[in-house]
Amino acid sequence: MTDTSDSDGEQTDVRAGLTRRRVLASTAALGATSLAGCLGGGDGGDGGAGEITLADFRGSGPLVDARGQPGGTSIEDLPDLSGELNFYLGGGEGGLYLDLIELFSDIYPDFSFGRTLDSSRSLANKLGQEAAAGVSPADVFISVDAGSLGQVADADGALELPSEVTSEVPESLRTNQWVGIAGRARAVPYNTDQLSESDIPDTVRDFPQTSALADGMGWAPTYSAFQSFVTAMRLIRGEDATRQWLNDMLDHGVESFDNEFRVSNQVANGALTAGFANHYYAMRVRNQRQNAPIELTFTSGDAGALINVSGAQIVNGTDNQELAENFLRHLLSAEAQEFFATRTFAYPTVPDVAPVGDLPTIDELNPPDVDLSELSDTGPTLALLDDVGLL
Amino acid sequence: MDTPELTDNSRADVIRHRIRQALPTTLTGVSVLIALLLLSPVAWVLLQAAAVGPDQAVELLWNGDTLRIVTNSMVLVGAVTAASILVGVPLAFLTVQTDLPFRRFWTIVSALPLVIPSYIGAFAFVSAFGPRGVLQGVLAPLGVQELPEIYGLVGTVLVLTLFTYPYVYLTTRASLLSFDGTVVEAARTLNHTRWEAFRRVTLPQIKPGIAAGSLLVALYTLSDFGTPAIMQYDVFTRMIYVWYNNAFLGRAALFSLLLLGLTVGILLWESRFNASREGAHVSAGSRRPGRISLGRWKWPALAFCSLVALLGLAVPLGVLFMWLFRTSPAYAEGGLTFELSYAFNSIGVAAAAAVAAVALGLPIAYLAARSDGWLGSLPERATYVGYAMPGVVLGLALIFLGLKYVSALYLTVPLLVFAYVVRFIPQAVGTIESSILQVDPKHGEAARSMGNSPLRSFRRVVFPQIAPGVVAGGALVFLTTMKELPATLLLRPLGFETFVTYIWQVQEQGYYGQAAVPALILVAVSALSMLIILKGDRYDVT
């Protein structure tokens with residue numbers, strides 16, 4: 001792999017077409033061999049031109065500056081990637097995940113890839129049908145929600161993962177057929193000009209009775225993360241209580257939006273006092289507008305504190321099982337976890353890597369005791385949302 | 001076939017009758033085969049729907065929500081179709097038959113909103129006129145706190161009308177261009193008023209054109225997902241999308257079936273206008289009528305054209321340019337870079353779909369235009385079913401059929417092109433059919449009587465006359481294929497991206513700035529093909 005010809009570089013270039021790649025491709029071989037020196041050195045990536053360093057994995061901006069060296073297993077301790085993998089890449093941060101895969105193909109000249117991007121649910125449906133027919137062009141499925149991964153596993157569409165791939169990830173964030181690569185916590189973004197943290201109750205159960213939150217909250221009922229949250233509530237508190245809560249929130253004047261980034265932006269604008277959204281949307285708003293009056297708080301021990309994951313699984317029927325397993329290990333490497341933390345503002349699923357900014361660490365959160373795979377059971381949730389008029 | 005009575009006025013009928021009798025049965029056979037192929041995805045819907053238990057099916061279909069959605073959908077279809085006629089027919093009339101100033105300019109401008117995908121139009125309108133939108137921001141210093149609600153039925157009708165009325169405009173225009181203007185003059189000499197002449201002579205002649213365009217508008221409205229979703233108006237497609245996205249294929253299929261039922265209803269309703277086609281090709285040739293002088297109506301006419309152009313072109317393009325120049329620092333590192341290959345992919349599959357749709361549509365259109373038996377018009381009617389299938393449903397059906405029966409084609413370009421043909425062939429069939437209707441059957445008859453074979457006389461006599469219609473039909477398919485989103489997302493081969501899949505991806509993640517350039521290129525390429533249709537139209541004189 002140290003013998004990279006120009007033609008190899010050109011081939012991968014055609015696929016990815018990034019100018020940055022063009023520079024990197026010619027020096028990728030050097031980069032790979034010199035990784036040890038750069039990543040181990042702890043200088044945060046001032047390794048000189050042409051070398052791929054930790055800085056390439058890391059994002060930038062006020063939330064990322066002054067981070068230390070991540071813990072966990074470095075890619076220099078993993079076997080090289082070699083061969084071609086085809087990805088089904090589920091929505092959300094699809095574009096950013098693509099950046100990560102491209103970084104790997106920069107480091108390993110013998111590694112190349114093809115990909116299809118779509119929503120996680122859509123790809124999961126497709127994988128289900130492909131599994132039934134035993135034909136899938138994909139080797140690896142990367143999804144932004146555990147429900148979709150569970151759905152593919154239920155359809156017998158995923159292979160079992162060996163423990164050497166998954167062992168560093170807490171058991172609550174993985175199963176035999178998928179492993180979480182980045183966490184996404186349910187959170188309550190609130191406008192700091194209008195509310196203080198003490199105004200917001202510790203459980204979502206109390207929200208409809210809290211006068212400070214009347215006629216000022218927003219949510220996104222068609223967004224899958226919100227639906228997972230309702231599913232979790234249903235699993236914890238039962239259908240009737242969940243229905244009651246939804247109706248109470250509606251009576252309390254909650255406003256619907258079509259996605260949670262918009263909810264978070266409206267909170268920062270002051271058009272909403274607070275909202276229900278995944279944690280990273282507020283981080284994005286903050287990284288975009290440093291002085292935006294938006295903060296996050298988390299409820300405790302209930303569905304409002306659910307931690308869902310982006311995860312990966314290996315497609316049943318792949319010819320590249322070994323390469324796929326090795327790739328999943330790369331997704332859980334210190335460098336990739338640093339990437340998720342600092343570029344997508346997600347929670348690393350490897351506990352040795354810290355989350356970004358002033359976020360509480362994942363073990364400081366108090367998520368409910370819910371089996372994430374059960375979140376694929378969205379049928380009754382949708383019927384419920386439909387019933388109360390939210391779909 | 002029954003024998004026509006030989007009255008003085010039925011000579012044309014006799015000739016037509018002879019041609020119908022002579023229609024080769026192979027044409028019927030070929031057309032039926034093509035129609036069956038195009039209907040194959042429906043089989044999947046039926047299968048999936050059948051898998052839902054009867055009790056559950058009744059429960060799902062017979063409740064207030066379903067009723068509300070059916071009503072919503074029908075109200076929307078009715079309103080958009082009516083509004084499109086009210087916008088499209090006057091524009092066609094003004095640009096063809098009057099002395100409207102800058103006629104050529106308005107001819108092109110009036111057709112152009114069709115090149116803008118309706119979901120981009122919807123985003124633009126929400127961005128411009130929504131709460132806290134651009135317009136409200138501009139007006140805020142003047143004390144305007146709130147604008148009229150853009151969401152809901154009114155906004156959905158507005159947006160869909162603005163980006164689909166060109167169907168009515170184009171088909172009506174084609175009819176107006178190719179009918180014999182001397183008839184109108186004759187009517188005027190018989191002391192008919194202008195309006196009476198229009199109602200009694202012009203209208204019957206252009207009715208098939210209006211009907212063909214309206215049908216496209218109605219079915220587009222019924223199957224569109226993006227616009228009602230963005231404008232927050234609850235219709236069928238949204239329900240199907242929600243069920244589908246959550247792996248309730250049976251329920252999605254059941255609702256799809258209901259949607260297809262509505263399609264058949266619309267088709268039956270529209271076929272009442274078929275009777276009026278009888279009058280459409282009595283007069284031959286394309287003699288120009290005298291231009292009607294607008295007089296003092298010139299200014300209202302210009303204001304009308306300008307208003308439509310402002311809303312249908314200036315607003316969406318303005319918003320796209322605004323996105324282009326608005327930076328969003330948080331997303332500067334976004335991982336999706338536009339590649340030139342996406343443009344070639346888009347243009348390539350759209351061109352392939354256009355050629356295939358025309359090739360498969362020609363026999364069907366010819367059969368429908370030249371026969372009045374039910375078997376003759378059935379293939380034509382059948383093509384509309386695919387047009388009303390939401391892209392998501394069609395995509396799923398073809399995934400299933402591909403996996404099960406032709407796995408070699410699964411997620412390949414040919415299957416993707418087939419999907420486009422299923423979805424958009426009625427546009428080709430409709431346009432070609434109305435041009436065939438304008439050709440006097442006597443021409444073909446004359447060629448036949450001189451010993452030419454049917455195929456040869458078609459090629460030498462009929463085809464040259466309908467060539468503009470064929471080109472226009474192909475170009476329409478090209479345009480709509482370039483804009484199609486849901487089926488493309490589901491059926492594109494691994495690693496295959498197009499303009500719309502790219503725009504969708506970056507827009508999903510809020511990289512509006514990155515969506516602007518490809519959206520503008522998409523609009524430019526589409527506009528270019530639109531100009532080619534209008535310029536290549538041999539009837540179009542300035």
Side-chain angles (χ1 to χ4, degrees), chain A residues 14-19 59-61 86-88 91-100 102 114-119 121-122 124-126 128-130 132-135 137-138 151 222 224 227 256 258-259 261 266 269 271 284-289 343 376 378-379 381-382 386-387 389 391, chain B residues 65 126 131-132 229-230 232 234 238-239 241-249 251-252 328-342 392 395-396 399-400 402-405 407-408 410-412 486 489-497 501-502 504-506 508-511 514:
Chain A
V14 168
R15 193 176 294 110
L18 290 170
T19 357
S60 59
N86 285 325
F87 294 94
Y88 274 2
E93 281 68 50
L96 285 163
Y97 288 3
L98 206 56
D99 264 2
L100 178 65
E102 276 168 0
R115 84 291 193 283
T116 289
L117 264 76
D118 203 344
S119 78
R121 289 284 164 88
S122 175
N125 282 341
K126 205 171 189 171
Q129 295 214 0
E130 289 172 353
V135 188
Q151 188 186 328
T222 57
S224 63
Q227 292 172 0
S256 292
D258 57 0
N259 69 59
F261 184 48
Q266 296 294 46
N269 291 343
R284 282 199 204 169
V285 174
R286 283 257 298 278
N287 212 40
Q288 191 171 14
R289 296 187 265 163
R343 293 215 191 194
S376 63
T378 50
T381 304
L382 286 164
D386 194 23
D387 230 30
L391 284 188
Chain B
D65 259 6
V126 169
R132 291 178 282 274
I230 294 163
Q232 300 179 7
D234 219 5
R238 208 168 87 82
M239 226 42 237
Y241 186 77
V242 169
W243 293 133
Y244 151 71
N245 249 354
N246 293 281
F248 287 98
L249 294 185
R251 291 184 193 191
S328 42
Y331 297 135
E333 290 184 69
L336 296 159
T337 309
F338 186 75
E339 290 175 34
L340 204 58
S341 65
Y342 303 167
V392 163
L396 274 179
I399 283 179
F400 175 84
L403 282 172
K404 187 139 195 185
Y405 300 108
S407 59
Y410 178 67
L411 298 191
T412 60
L489 277 178
L490 283 170
L491 293 171
R492 77 204 136 124
L494 206 130
F496 186 93
E497 305 291 349
T501 61
Y502 178 79
W504 182 82
Q505 282 161 21
V506 291
E508 273 266 304
Q509 310 181 31
Y511 306 125
Q514 272 176 293

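These numbers come from the heavy atoms of this one structure, side chains and all, not from hydrogens, waters or symmetry mates. We name chains A, B, ... by the order of the sequence lines, and we start the count at 1 in each one.
- For a residue to count as touching a neighbouring chain, one of its non-hydrogen atoms must lie under 4.5 Å from one of that chain's; by this rule A:Thr381 does not touch chain B.
- Residue B:Ile230 does not touch chain A at all, counting heavy-atom pairs closer than 4.5 Å.
- Side-chain contact check for B:Leu489 versus A:Ser122: every heavy-atom pair is 4.5 Å or farther apart.
- In this structure, A:Lys126 contributes its side chain and B:Leu490 its backbone to a donor-acceptor pair below 3.5 Å.
- Note on B:Val392, B:Leu340, B:Leu403: by heavy-atom pairs under 4.5 Å with chain A, the leading option is B:Leu403.
- Of the atoms belonging to A:Asp386, heavy atoms from both backbone and side chain fall under 4.5 Å from chain B.
- Considering only heavy atoms from C-beta on, A:Leu382 stays 4.5 Å or farther from B:Arg251 through its side chain.
- The shortest distance between side-chain heavy atoms of B:Phe496 and A:Thr116 does not fall below 4.5 Å.
- To the nearest 0.5 Å, atom OG1 of residue B:Thr501 and atom CG of residue A:Asp118 are 9.5 Å apart.
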Stepwise, does the side-chain contact (heavy atoms from CB on, under 4.5 Å) test hold for A:Leu98 with B:Gln505?
CA-CA 12 Å; A:Leu98 206 56; B:Gln505 282 161 21; over 6 Å; no
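- The CZ atom of A:Phe87 sits 10.5 Å away from the CG atom of B:Leu494 when rounded to the nearest 0.5 Å.
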Go through it in stages, so that I can follow the logic: the residues are B:Glu497 and A:Arg115, the test is side-chain contact (heavy atoms from CB on, under 4.5 Å), and I'd like the CA-CA distance, side-chain angles, deciding distance and then a yes or no.
CA-CA 10 Å; B:Glu497 305 291 349; A:Arg115 84 291 193 283; 2.9 Å; yes
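- Looking at B:Tyr410, the atoms closer than 4.5 Å to chain A (heavy atoms on both sides) all sit in the side chain, from C-beta outward.
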